[in-house]
Amino acid sequence: MNYNNVVFETSFGKASQLTQSDLVEIAFAGRSNVGKSSLINKIFNRRNLARVSAVPGKTATINFFRLENVRFADLPGYGYAKVAQAEKQRWSDLIETYFNSDRRIELVFQLIDMRHPPTKDDLLMIDYLVEYEMPFAVVLTKMDKLSQRERAERLASLQTEIPYADQITILPVSAQTGEGIEEIRQIIEE
């Protein structure tokens, strides 16, 4: 795959706007400000393909990108407390409709900030993916913010913090340095 040929396709902000999927899809899920958009930009060698913000909750729509015969979905983050309840409900409906509609979701990258234990919402999402037998990998973001020792400690802790950790592909990455990006590309191509 030539990752430089990715194009922005469309955005949907309401569940009722989602159209049928005719392509294989790969989704990026995780809490607000975990680095979904930054990771997408790094994978595709683009600075501004997916909009990045330091403000949590900036991605309020599902943004779709297309590369050859694969569609990539940048999902809104969950768990951001400083958003109105109505907005949280809209995000929840949008994400639930995305996952529960008849789409060809072949893989979900579940992003978790490596610096911290998974949140309750992260664990609920992992449970959902396991229960519905959706193929997924856990991507640990922001590894560049930890020393080698801290990384090793967090990886060891995550083995008990994440259910079924020994059966899940877990990939530490950095959208800043590019560490782990090739491994993600290999999984995409598989």
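Scope of the values below: all heavy atoms of this structure, side chains included, with no hydrogens, waters or symmetry mates.
Proximity of F109 to I188: side-chain heavy atoms (C-beta onward) are separated by under 4.5 Å at one or more points. At a threshold of 4.5 Å between non-hydrogen side-chain atoms, the residues L171 and I187 count as touching. Within the 4.5 Å cutoff, the side chain of F136 has no heavy atoms near those of the T169 side chain. Contact check for V173 versus I184: side-chain heavy atoms found under the 4.5 Å cut-off. The shortest side-chain heavy-atom distance between E153 and L146 does not fall under the 4.5 Å cut-off.
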After noting the C-alpha distance and the side-chain angles of V24 and R71, does the key distance pass the side chain to side chain contact (heavy atoms under 4.5 Å, CB included) rule?
CA-CA 6 Å; V24 165; R71 184 172 287 127; over 6 Å; no
Let's go through L140 and L158 carefully: what are the C-alpha distance in whole Å and the side-chain angles of both, what is the deciding distance for side chain to side chain contact (heavy atoms under 4.5 Å, CB included) to 0.1 Å, and is it a yes or a no?
CA-CA 10 Å; L140 303 174; L158 285 159; 3.5 Å; yes
Which is it for E25 and R104 under the salt bridge (Lys or Arg N to Asp or Glu O under 4.0 Å) test, yes or no, and what are the steps along the way?
CA-CA 6 Å; E25 292 189 10; R104 294 177 56 197; over 6 Å; no
With side chain to side chain contact (heavy atoms under 4.5 Å, CB included) as the criterion, how do M114 and L155 come out once you've worked through the C-alpha distance, each side chain's angles and the decisive distance to 0.1 Å?
CA-CA 8 Å; M114 186 176 189; L155 282 171; 3.7 Å; yes
Passes side chain to side chain contact (heavy atoms under 4.5 Å, CB included), V108 versus F28? Steps please.
CA-CA 6 Å; V108 177; F28 293 81; over 6 Å; no
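Residue P118 comes nearest to I162 through the heavy atom pair CG-CG1, 3.7 Å, listed as atom of the first residue, atom of the second, then distance. The two atoms that bring P163 and I168 nearest to each other are O-CD1, 3.4 Å, heavy atoms only. Between I105 and M134, the shortest heavy-atom distance links the atoms CD1-CE, 3.9 Å. Taking both residues in full, the closest heavy atoms of D144 and R151 are given as CA-NH2, 3.7 Å, listed atom of the first, atom of the second, then distance. L107 approaches A137 most closely through the heavy-atom pair CD1-N, 4.2 Å. A pairwise comparison of heavy atoms in F12 and T10 identifies CE1-CG2, 3.6 Å as the closest pair.
If you take CG on L23 and CZ on R103, they are separated by 9.5 Å, rounding to the nearest 0.5 Å. Note that CD of Q176 is 6.0 Å distant from OG of S174, once rounded to the nearest 0.5 Å. Here the CE atom belonging to M125 is positioned 7.0 Å from the CG atom belonging to L75, to the nearest 0.5 angstrom. The distance from atom CG of N5 to atom CZ of F44, rounded to the nearest 0.5 Å, is 10.5 Å. F65 contributes atom CZ, which lies 13.5 Å from atom CD1 of I26 (distance to the nearest 0.5 angstrom). Atom OH in Y132 sits 11.5 Å away from atom CG in D127 (nearest 0.5 Å).
A distance of 6.0 Å or more separates the ring centres of F8 and F64.
L124 and Y164 fall into different hydrophobic clusters, where Ile, Leu, Val, Met, Phe, Trp and Tyr residues are linked whenever their side-chain heavy atoms come under 4.5 Å apart, directly or through other members. Residue I43 is not grouped with residue V7 when hydrophobic side chains (ILVMFWY) are merged at heavy-atom distances under 4.5 angstrom, including chains of intermediate members.
Between the side chains of E179 and T177, a donor-acceptor pair is found at a separation under 3.5 Å. A donor-acceptor contact closer than 3.5 angstrom links the side chains of S37 and D74.
Around CG of D22, the count of heavy atoms belonging to other residues, nucleotides or ligands within 6.0 Å exceeds 12. Within a 6.0 Å radius of CD in E133, no more than 12 heavy atoms belonging to other residues, nucleotides or ligands are found.
In terms of modelled atom types and a separation under 3.5 Å, the side chain of K36 and the main chain of R31 share a donor-acceptor contact. Side chain of R46 to main chain of Y3: no donor-acceptor pair is present (N/O by atom type, distance under 3.5 Å, no hydrogens or angles). In this structure a side-chain-to-backbone donor-acceptor pair under 3.5 Å is present from D122 to T119. A donor-acceptor distance shorter than 3.5 angstrom exists from the side chain of T141 to the backbone of V34, with no hydrogens or angles considered.
The existence of a salt bridge linking R185 and E190 is excluded, since no basic side-chain nitrogen approaches an acidic carboxylate oxygen closer than 4.0 Å. Ionic pairing of R66 and E9 is present here: one or more N-O contacts between side-chain nitrogen and carboxylate oxygen are shorter than 4.0 angstrom. A salt bridge does not link E150 with R154: every distance from a Lys NZ or Arg NE/NH1/NH2 to an Asp or Glu carboxylate oxygen is 4.0 Å or more.
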